[in-house]
Amino acid sequence: YNLIAFRCIGIVFLAVFLFFVYKFLRERFEVNDVLIMIMFFIGCKHYNESATSILTDMPCACFSMIAIYVLYKMIACENNKQYLYGIIFGICSICAYALRTTGLVLILTLLCIHVVILIGKIIPFVNEQVNKTGLKKVIIGAHIIPYVIFFSGKLVLETALPVAGNDYLK
């Protein structure tokens, strides 16, 4: 195996991760503040070690950050782009889960958002708070797609791949 090639892959995932962190934060903060926050990521010993190792930490973080970015786009969108964002979120979620079981948190986050939306339909105060978040019109089909992709991918992973030794969930 070529360790340098594996390490380069980790560095590419770090670069993509930082790009999506920048895009996510840039929509919320001034550019100088975002650059300072990115510098903290670049200077963080853990991220530098993860980027140059051949572990799954950085690819999982990258897919997770893309999924979070796309999730916020899906929530703030009120047109048919929700379908595209739903597909990308589902794919990124199953990729993150395939790399590390902590990727399950992404689909659980979407589930929590949907539970809060449903509660908001019953309780007016919760509905007011949900509306303050920037949630736009929810297209039901677009919000079901990530679950279908995730659980289909999970089924494929469980049937196609052999069972590994350690798992956080066991």
Side-chain angles (χ1 to χ4, degrees), residues 12-38 40-41 47 56-161 167-170:
V12 168
F13 276 111
L14 175 65
V16 173
F17 169 78
L18 290 173
F19 173 75
F20 278 96
V21 167
Y22 174 81
K23 285 184 67 73
F24 181 77
L25 294 175
R26 183 63 187 105
E27 293 175 5
R28 289 153 183 79
F29 301 102
E30 295 294 324
V31 69
N32 291 336
D33 298 333
V34 173
L35 291 175
I36 289 170
M37 290 181 225
I38 294 293
F40 281 117
F41 278 111
Y47 284 103
T56 59
D57 294 348
M58 198 45 59
C60 181
C62 179
F63 284 117
S64 297
M65 190 63 226
I66 295 169
I68 291 167
Y69 177 76
V70 170
L71 177 62
Y72 274 90
K73 287 289 194 183
M74 185 170 77
I75 289 170
C77 179
E78 55 184 314
N79 58 24
N80 285 336
K81 280 191 175 181
Q82 284 187 26
Y83 288 101
L84 175 64
Y85 293 139
I87 291 167
I88 295 170
F89 179 80
I91 291 169
C92 288
S93 295
I94 193 60
C95 288
Y97 175 78
L99 292 165
R100 310 209 34 107
T101 53
T102 54
L104 183 64
V105 170
L106 294 167
I107 206 72
L108 293 176
T109 301
L110 182 63
L111 180 64
C112 290
I113 290 169
H114 289 147
V115 167
V116 169
I117 291 170
L118 289 173
I119 292 171
K121 300 292 183 193
I122 300 168
I123 304 170
F125 171 74
V126 175
N127 192 36
E128 290 172 15
Q129 300 306 313
V130 168
N131 290 335
K132 287 180 183 178
T133 65
L135 178 71
K136 303 292 183 193
K137 177 183 167 191
V138 174
I139 300 173
I140 301 296
H143 285 255
I144 291 174
I145 288 173
Y147 296 110
V148 172
I149 292 173
F150 181 84
F151 289 110
S152 298
K154 188 175 180 324
L155 181 67
V156 168
L157 286 173
E158 289 176 353
T159 56
L161 296 177
D167 189 357
Y168 291 123
L169 301 176
K170 293 181 182 174

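All values below come from the heavy atoms of this structure, side chains included, with hydrogens, waters and symmetry mates left out.
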Seminar exercise, completed: Minimal heavy-atom distance between Pro146 and Gly86, with the atoms involved, is CG-O, 3.4 Å
Seminar exercise, completed: Sorted by chain and number, sequence neighbours left out, side chain to side chain donor-acceptor pair (under 3.5 Å) with Glu78 holds for none
Exercise. Going through the distances and angles, do Val34 and Arg28 end up as a side-chain contact (heavy atoms from CB on, under 4.5 Å)?
Worked result: CA-CA 9 Å; Val34 173; Arg28 289 153 183 79; over 6 Å; no
Exercise. Stepwise, does the side-chain contact (heavy atoms from CB on, under 4.5 Å) test hold for Phe63 with Phe13?
Worked result: CA-CA 9 Å; Phe63 284 117; Phe13 276 111; 4.1 Å; yes
Exercise. Can you list every ring pair (Phe, Tyr, Trp, His ring centres under 6.0 Å) pair that touches residues 70-94, not counting sequence neighbours?
Worked result: Phe24-Tyr72
Exercise. Less than 4.5 Å apart, any side-chain heavy atom of Val156 and any of Ile94?
Worked result: no
For this session: To the nearest 0.5 Å, tell me how far Met58 CE sits from Met65 CE.
Result: 12.5 Å
Exercise. Within a strict 4.5 Å, meaning less than it, do heavy atoms of the Tyr69 and Glu27 side chains meet?
Worked result: yes
Exercise. Which value, rounded to the nearest 0.5 Å, describes the distance between Gln129 atom CD and Asn127 atom CG?
Worked result: 10.0 Å
Problem set entry | Between SG on residue Cys95 and CG on residue Leu157, distance to nearest 0.5 Å | 9.0 Å
Seminar exercise, completed: Note: Leu106 and Ser93 closest approach over all heavy atoms is CB-OG, 3.7 Å
Exercise. Applying salt bridge (charged side-chain N to carboxylate O under 4.0 Å, His left out), which residue pairs with at least one partner in residues 79-95 are found, sequence neighbours left out?
Worked result: none
Exercise. If you round to the nearest 0.5 Å, how far is CG of Leu35 from CD of Glu30?
Worked result: 11.0 Å
Exercise. Does anything in residues 105-119 pair up under side-chain hydrogen bond (donor to acceptor under 3.5 Å, both in side chains), and if so which pairs, sequence neighbours excluded?
Worked result: His114-His143, His114-Tyr147
For this session: Grab the two heavy atoms, one from Cys77 and one from Asn79, that are nearest each other, plus how far apart they are.
Result: SG-OD1, 2.8 Å
Name every donor-acceptor pair, under 3.5 Å, that has one atom in a side chain of residues 14-23 and the other anywhere in the protein, sequence neighbours excluded.
none

Seminar exercise, completed: When rounded to the nearest 0.5 Å, the distance separating CD1 of Ile88 from CD1 of Ile145 is 11.0 Å
Problem set entry | Test item: Gln82 side-chain N/O and Ala142 main-chain N/O as donor-acceptor pair under 3.5 Å | no
Problem set entry | For Lys154, all residues meeting side chain to side chain donor-acceptor pair (under 3.5 Å), sequence neighbours excluded | Glu158
Problem set entry | Rounded distance (nearest 0.5 Å) linking atom CG of Leu104 with atom CG of Leu108 | 4.5 Å
Seminar exercise, completed: For Cys60 and Leu99 the tightest heavy-atom approach is N-CD1, 3.6 Å
Problem set entry | Nearest atoms (heavy-atom pairs only) where Ile91 meets Ile149 | N-CG2, 3.7 Å
